[in-house]
Amino acid sequence: MQIATWNVNSLKVRLPQLLDWLSRDPVDVVCLQETKLVDAKFPIDALAQAGYAAAYSGQPTYNGVAILTRRETVGEPSDVAIGNPLLEDPQQRLISATVAGVRVISAYFPNGQSVDSDKYVYKLGWIDRLLEWLQPQLADGAPLALLGDFNIAPEDRDVHDPAAWAGQVLVSEPERERFRALEALGLVDAFRLFEQPEKFYTWWDYRQMAFRRNMGLRIDHILVTGALRGRVRECRIEREMRKREQPSDHAPVVVRID
DNA sequence: ATGGCCCGTAGAACGGGA
């Protein structure tokens, strides 16, 4: 089974690329972020034609998350939950569902804008509430995967120019502390389970020809519980998706598990 | 050089992204 995450930066714009990708590589579960679609405009019909069911939660203009499941292999998402009950939040950033015995969470962490911004305070609080909400879910050791755009580069090796980024939003110590707090709950960064090439990132700015120059950050992640860790066979970043015409600024990340 | 580009909502610029 393959589980993927992709910040699409508008599902309306990226739908043809998503369908083309899934037709070539029929990933079983796809977590999406930044769909930027109200629920009434979610492309359920086009996805159904491609063989996928969907759980989704959107709003106008901003945010929006979804979980797609390939009907033929993993069926429909069950026990769908939207948001975090510990946080009253109009921003649609979190959706969970059970798929093939795995609790799957698609998360779009706040960006934070800058460390002196109100949005940064919101980001840290959002993650703190996420930690509180996750802790009891992880207690029973059941298989769970937290996937999404974390908007955190956990270590300097996840940053193309650590000196230039030092202390800034996405790499600041309070954000990295919270990433480590997720790991302390028993979650493991699937990408780091394997030997990986250096300078592998998941996001590149649209400006400055950043992708061509590989000026990127690794901020999209797949974290798995101990119950899944031993089943993970591969974790890869689909860099090819960033090379396409009219790409998302994020590349998908995929895990293959037994 | 503190912007560059892309997206949605607009129906011109602007907020937001990272």
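Side chains are part of it too, since the values below use all heavy atoms of this structure and drop only hydrogens, waters and symmetry mates. Within every chain, numbering begins at 1; the chains are lettered A, B, ... in the order of the sequence lines, protein sequences first and strands thereafter. Note that the structure is predicted; figures quoted are calculated from it, not measured.
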Using a 4.0 Å heavy-atom cut-off, does A/Val13 contact any base of the nucleic acid, only the sugar-phosphate backbone, or nothing at all? sugar-phosphate
Regarding A/Tyr62 and A/Gln91, is there a side-chain donor-to-acceptor distance under 3.5 Å anywhere? no
Does either side chain, that of A/Asp25 or that of A/Gln2, offer a donor lying less than 3.5 Å from an acceptor on the other one? yes
Of the nucleotides B/dG8, B/dC7, B/dA18, which has the atom closest to the A/Trp203 side chain? B/dA18
Any base atoms under 4.0 Å from A/Asp220, or only sugar-phosphate, or nothing? Heavy atoms, all strands. nothing
Report the distance from atom OH of A/Tyr62 to atom P of B/dT9, rounded to the nearest whole Å. 9 Å
Whole-Å C1' distance, B/dG8 and B/dA12: 14 Å
Whichever of A/Arg93 and A/Lys36 has the more 5' nearest nucleotide on DNA chain B, that residue is A/Lys36
Round to a whole Å and report the spacing from CD of A/Gln168 to P of B/dG17. 16 Å
If I pick the C1' atom on B/dC5 and the same atom on B/dA18, what distance separates them, to the nearest angstrom? 12 Å
Rounded off to whole Å, could you give me the OH-to-P distance for the A/Tyr122 and B/dG16 pair? 12 Å
Tell me whether A/Gln49 at atom CD has more than 12 heavy atoms from other residues, nucleotides or ligands lying less than 6.0 Å away. no
Candidates B/dT9, B/dA18, B/dC7 - which lies nearest the side chain of A/His250: B/dA18
To the nearest angstrom, how far is A/Gln246 atom CD from B/dC7 atom C1'? 10 Å
Contact class for A/Asn9 (heavy atom, under 4.0 Å): base, sugar-phosphate, or nothing? sugar-phosphate
In whole angstroms, the gap separating P of B/dC6 from CD of A/Gln17 amounts to 13 Å
Taking for each residue the nucleotide of DNA chain B with the nearest heavy atom, is it A/Glu34 or A/Gln208 whose nucleotide lies nearer the 5' end? A/Gln208
With distance as the sole criterion, is a donor-acceptor pair present between the side chains of A/Asn7 and A/Glu34 under 3.5 Å? yes
Can you check the A/Met215 CE to B/dC5 P distance for me, whole Å? 14 Å
Rounded to whole Å, please give me the gap between OH in A/Tyr108 and P in B/dC7. 14 Å
Measure CZ/A/Phe211 against C1'/B/dA18 and give the value in whole Å, please. 17 Å
Between B/dC7, B/dG17, B/dA18, which nucleotide has the shortest distance from any of its atoms to the side chain of A/Arg14? B/dC7
Answer yes if A/Val99 and A/Tyr52 sit in the same cluster of Ile, Leu, Val, Met, Phe, Trp and Tyr residues linked by side chain heavy atoms under 4.5 Å apart, and no otherwise. no
